[in-house]
Undergrad: 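Structure below; questions to follow.
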Amino acid sequence: MESTLKGKEQVKLDFIPLDFDYLDLDGKCHIRMFGRTSENKRCCVLDTTDAYFWLFPRAGIDLKKYAEKVAKISLEHASRIAKVEKVEIKDKHFLGNPIKALQVFVSNPKDIAVIKDIAKTFHETLEKKETDINFVTRYIIDKNVKPLEWVHVEGRELNQYIEVPFDVDTDIVVMADEIKPTQEHELKLNFLAFDIESTEFEIGKGEIVMISLADHNFHKVLTWKKYSNAPEEVEFVKDEAELIEKFMKIIHERKPDFLVGYFSDGFDLPYLRARAEQNHIKLDLGLDKSNLSFSRGIMPSAKITGRVHIDLYRFVNNIFAYTLQSPTISLNDVAKELIGEEKLEIDLGHITKELRSTHGKIKDAEMRRFSLYNLQDAVLTSKLFLKLWNNLAELTKVVSEPLFEVSRARYAYLVENNILHNLKRFNEIAASRPLGEEIGERREREKYIGAFVKEPRPDVYEKVAVFDFRSFWPSIIVSFNISMPTLLEKKESGGYETPEFEFDGKKRKFYFQKQEGFIPRILKELLEKRKETKAEFKRNPSPVLEAKDYALKTLANATYGYFGFFGARYYSPECGASITAISRYYIHKTIDEIEKFGFEVIYSDTDSVMFALGNKTEKDAKEILEKINKTLPGTMELELENFYVRGIFVMTKKGETGAKKKYALLAKDGNIKIRGFEAVRRDRCDLAKETQDVVLKKVLEEGKADNALAYVIKILKEVREKKAPIEKLIIRTKLKKAIESYEARGPHVVVAEKMLEQGLPVKAGSLIEYVIAKGNSKERIRERAKLPDEVEKGGYDIDYYIEHQIVPAVETIFAVFGITKEQIIEGKKQKNLGEF
DNA sequence: CTGTTCTGCTTACC
DNA sequence: ACTGGTAAGCAGAACTT
């Protein structure tokens, strides 16, 4: 439907939508998009689409009469008339089944909530649907205008203030008459990364001292704290008020499409808002001079009209962290891993303390360093944005939700929206989001049986082969047509069935329909797209294709977990349990086949099988792989992961069984793959981790343990002689929740309390560092846990580090070679005797 | 009072 | 509150005799 707003001239342009919102114009709700034209002009495009929801009628009622009744709904709401515009009877599908439904068109999407409440009171109404679809999502789906996908727009240029009641800072404002997908143009990334420094951590306390801004060629530091010999990027201002004004001025002048921060939802922007309020400054950062606004919720999102505010921390935390090795997702660790650069080192505690005090003294050199530190944070954020841009963009394109949402989304949101944005072509009405009560029940539900993990026999194995299933969960979902809408009560001819397994305490089997369901279909297309992307990448490698593959892989892998997620529209623990039951069946079958062939299967976890070649060859292994693949259904496929020179599996610490999820393999190229061992865990001190790492390397490379034992004895001797550096003895544990909510007061909780007392910033998510200092060994460990700074050289608890850190990390490895814990420790005693 | 078992917690694997 | 289940192992709490 066309807008009544007239406008002056007809215009045609190609446009890429970056940011979306909606507002009432001329009595009608319009979508407002901000983006760039193919000529790199800043552009605002207005458009409209129908606002509607669905009603399902009870059986046997007169549809026409029902429709007429619904069409009469009208009430006063939010000082306007909320009413139903029209009602149409449509043939639709719901959960794959045909259904007659009323499409209820309303005058304004904001009125859907009140109108559906009235319609629900009608006895004819069975259910309401799609009342929880955001209007922007509705627009994207119905008008086929997707975020970051170029469209051709034909429409009328509007005069701001005259025809529209707003003034946005763009080169052109267009009311679209026609809008359709078009060929791709280049998008020049126009962004600005920023970082603020304050005297306090807590929002509402202290003040802003400094703000840095950066992109690929612009570096700027603003501060009111004057000092001489400042770097050229530094600009001094009068006070905090001028600092904030200047920051806004730069943004309005440079007109970034993307404003990028690191933890800016959680700190920089809330802090900035608090200080702007205190200084009576309007934070009109929006393209329409509107204020910075925050969404409600546990983790507020800071929104700026017309510019996409991206908090990279959230993207890294929610999505990208799984791809990283970084011990934490701090800017420093993430930047180090992704761009090979780190934050500058400064004594921030000292500087902020001096700045807080009225008589505080800071040397010019220190302020200079502080400015460079602040700038470096903005620069790292800017580089990280460029590094992660392709990932963000490709994920946005696959999911079809706006970049602002996708950059803050978690896996469930991505999977669900990918489904929602594909429903139209199946003529499907979306299932509803669960309500509070339902969520509660789902969360309390007992869990279903997961994947199979085989107990390994502890030993050192020569010539190890590893097979694994390619995209195991997605391939099962697709091959067995698994999803909530395709789940059947009874077996259907030509349909699919699971093996028998225990579910909710009963022996059960689940069945899935023969006709392909829309969710398995969408997933299948995702996998096919991934295959194409990979093939294309082979021909023509590019970071964009790599990012696209990453987006497709991420979504495909998260689909299984989505089925069991309590907040899912298409929630189905039956499906989750069916997928794992099928996985167990096929992994067992694979193990059996390999054993039947005469190999010793060492270990298996979920989708992988490891076995020793023994006196057989790699060719034999490949042969059986091919044989197994011929028996697999659908798209399921077993792949050769690699052949390894040697591998080690150990006992659990209790010494009764072989430890699962703990092993190390030596590849032919000399690389060692370590899984589960303390060496790869964060909550062990570096000395224990490094010692274990060396021990694993030595035993795998040499096939025996004598050199490794000598090495450990040497390390233990150094520890006894107080020669171990404190940095290597720091234990790092994450505080996963607020301090008050801990029942058990472990060492890290006690240290966190101590840090809080000292005014250090500790909250849920903080990584707590501590060292166990010497003291009364009868006391609890937490009594001896101290902040690293509090422990002087050699002041650590020798026995703790030997008995609780180093020896436990290596004893199970030596046990494989028949070396006991006593022998490891006695070695130390012998050396000591030799010294006297 | 002391040793054992249970529970809470964190972090890994897939 | 924000994808699932499986598993190891530490430290403290609870329990037992």
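Convention: sequence-line order gives letters A, B, ...; per-chain numbering from 1.
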Undergrad: If you take the centroid of each ring, where Trp contributes its six-membered ring, are Tyr411(A) and Tyr322(A) closer together than 6.0 Å?
TA: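 That pair passes the under 6.0 Å test.
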Undergrad: Can you tell me the distance, in whole Å, between the NZ atom of Lys662(A) and the P atom of dA12(B)?
TA: 13 Å
Undergrad: Taking any heavy-atom pair under 4.0 Å as a contact, classify Pro573(A): base, sugar-phosphate, or nothing.
TA: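 No contact at all - Pro573(A) keeps every heavy atom at 4.0 Å or more from the nucleic acid.
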Undergrad: Using a heavy-atom cut-off of 4.0 Å across all strands, would you classify Gly567(A) as base, sugar-phosphate, or nothing?
TA: nothing
Undergrad: Remember a base hit wins even if backbone is also touched, and classify Val680(A) as base, sugar-phosphate or nothing at under 4.0 Å, heavy atoms.
TA: sugar-phosphate
Undergrad: Which of the following nucleotides, dT11(B), dC10(C), dT6(C), is nearest to the side chain of Ile449(A)?
TA: dT6(C)
Undergrad: Quick one, Thr580(A) and Phe501(A) - any side-chain contact, counting heavy atoms below 4.5 Å?
TA: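 No, their side chains stay 4.5 Å or more apart.
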Undergrad: Identify whether any heavy atom of Leu414(A) sits under 4.0 Å from a base atom; if not, whether one sits that close to sugar-phosphate; answer base, sugar-phosphate or nothing.
TA: nothing
Undergrad: Without decimals, in angstroms, what is the distance between Arg569(A) CZ and dT3(C) P?
TA: 15 Å
Undergrad: Whole-Å distance between dT3(C) P and Arg443(A) CZ?
TA: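 Arg443(A) atom CZ is separated from dT3(C) atom P by 11 Å.
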Undergrad: Pick base, sugar-phosphate or nothing for Gly564(A), based on heavy-atom distances below 4.0 Å to the nucleic acid.
TA: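 Sugar-phosphate, no base atom in range.
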Undergrad: Do Pro474(A) and Asn557(A) have side chains that get closer than 4.5 Å, going by heavy atoms?
TA: yes
Undergrad: Report yes if the distance between the aromatic ring centroids of Tyr461(A) and Tyr663(A) is under 6.0 Å, otherwise no.
TA: no
Undergrad: Choosing from dC2(C), dC9(B), dC14(B), which nucleotide comes nearest the side chain of Tyr663(A)?
TA: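 That would be dC14(B).
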Undergrad: Taking the P atom of each, how far is dC2(C) from dT10(B), in whole Å?
TA: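 One P to the other, the span is 14 Å.
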Undergrad: Tell me whether the OP1 or OP2 atom of dC10(C) has a side-chain N or O from Lys653(A) closer than 4.0 Å.
TA: yes
Undergrad: Go through dG8(B), dC14(B), dG4(C) for me and flag the one nearest to the Phe566(A) side chain.
TA: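 Closest nucleotide to the Phe566(A) side chain: dG4(C).
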Undergrad: Report which part of the nucleic acid Lys737(A) touches: base, sugar-phosphate, or nothing (heavy-atom distance under 4.0 Å, all strands).
TA: sugar-phosphate
Undergrad: Establish, with yes or no, whether the OP1 or OP2 oxygen of dC14(B) is under 4.0 angstrom from a side-chain nitrogen or oxygen of Arg675(A).
TA: yes
Undergrad: Nearest-Å distance, NZ (Lys661(A)) to P (dC13(B))?
TA: 9 Å
Undergrad: What is the separation between atom CZ on Arg445(A) and atom P on dG4(C), rounded to the nearest whole Å?
TA: 13 Å
Undergrad: Can you figure out which of dT3(C), dT6(C), dT10(B) approaches the side chain of Val453(A) most closely?
TA: dT6(C)
Undergrad: Between dG9(C), dG4(C), dT11(B), which nucleotide has the shortest distance from any of its atoms to the side chain of Arg684(A)?
TA: dG9(C)
Undergrad: Under 4.0 Å, heavy atoms only, any strand: does Tyr413(A) hit a base, just the sugar-phosphate, or nothing?
TA: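 Since no nucleic acid heavy atom lies under 4.0 Å of Tyr413(A), the category is nothing.
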Undergrad: Would you kindly give the CZ-to-C1' distance between Arg442(A) and dC2(C), to the nearest whole Å?
TA: 13 Å
Undergrad: Would you say Lys736(A) reaches dG8(B)'s phosphate, i.e. side-chain N/O to OP1/OP2 under 4.0 Å?
TA: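 Checking dG8(B) against Lys736(A), no side-chain N or O comes under 4.0 Å of OP1 or OP2.
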Undergrad: Using whole Å, report how far CD of Glu811(A) lies from C1' of dA8(C).
TA: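 Rounding to the nearest Å, CD of Glu811(A) and C1' of dA8(C) are 14 Å apart.
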Undergrad: Which nucleotide wins on minimum distance to the side chain of Ile439(A), given the candidates dG12(C), dA1(C), dA8(C)?
TA: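 For the Ile439(A) side chain, the nearest candidate turns out to be dA1(C).
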Undergrad: Check the orientation of Tyr603(A) and Phe649(A). Use parallel for under 30°, tilted for 30 to 60°, and perpendicular for over 60°.
TA: tilted
Undergrad: Would you classify Lys447(A) as touching base, sugar-phosphate or nothing, given that sugar-phosphate means primed atoms plus P, OP1 and OP2, and contacts are heavy atoms under 4.0 Å?
TA: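 Base: the residue Lys447(A), judged by heavy atoms under 4.0 Å, touches a nucleobase.
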Undergrad: Report yes or no: do Tyr562(A) and Glu416(A) form a side-chain donor-acceptor pair below 3.5 Å?
TA: yes
Undergrad: Would you classify Tyr800(A) as touching base, sugar-phosphate or nothing, given that sugar-phosphate means primed atoms plus P, OP1 and OP2, and contacts are heavy atoms under 4.0 Å?
TA: sugar-phosphate
Undergrad: Please tabulate, for the side chains in residues 805-812 of chain A, all donor-acceptor contacts under 3.5 angstrom to protein atoms that are two or more places apart in sequence or on a different chain.
TA:
from      : atom 1 : to        : atom 2 : distance (Å)
Gln805(A) : OE1    : Cys685(A) : N      : 3.0
Gln805(A) : NE2    : Tyr800(A) : OH     : 3.2

Undergrad: Does a side-chain N or O of Tyr742(A) approach OP1 or OP2 of dT10(B) to a distance below 4.0 Å, or not?
TA: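 Yes.
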Undergrad: From the list dC2(C), dG5(C), dG12(C), which nucleotide is the closest neighbour of the side chain of Tyr448(A)?
TA: dG5(C)
Undergrad: Would a 4.5 Å heavy-atom cut-off, applied to side chains only, mark Phe480(A) and Met636(A) as touching?
TA: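 Result yes, sub-4.5 Å side-chain heavy-atom pair found.
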Undergrad: Near DNA chain C, under 4.0 Å by heavy atom, which residues of residues 775-786 of chain A?
TA: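 When residues 775-786 of chain A is checked for heavy atoms under 4.0 Å from DNA chain C, the hits, listed by number, are Arg780(A), Ile781(A), Arg782(A).
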Undergrad: Please test Phe263(A) against Tyr313(A) for ring pair (Phe, Tyr, Trp, His ring centres under 6.0 Å), starting from the C-alpha separation and ending with a verdict.
TA: CA-CA 5 Å; Phe263(A) 206 62; Tyr313(A) 166 82; 4.8 Å; yes
Undergrad: Answer with yes or no whether Arg681(A) presents, from its side chain, a donor or acceptor under 3.5 Å of a partner atom in the base of dT11(B).
TA: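 Pair found.
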Undergrad: Is any side-chain heavy atom of Val415(A) less than 4.5 Å from a side-chain heavy atom of Leu555(A)?
TA: yes
Undergrad: Looking at the side chain of His748(A), which of dT3(C), dA11(C), dT10(B) is the nearest nucleotide?
TA: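 Taking heavy atoms from C-beta onward, the closest nucleotide is dT10(B).
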Undergrad: Which listed nucleotide (dT6(C), dT11(B), dC9(B)) is nearest to the side chain of Ala744(A)?
TA: dC9(B)
Undergrad: In whole angstrom, what separates Arg410(A)'s CZ from dA1(C)'s P?
TA: 12 Å
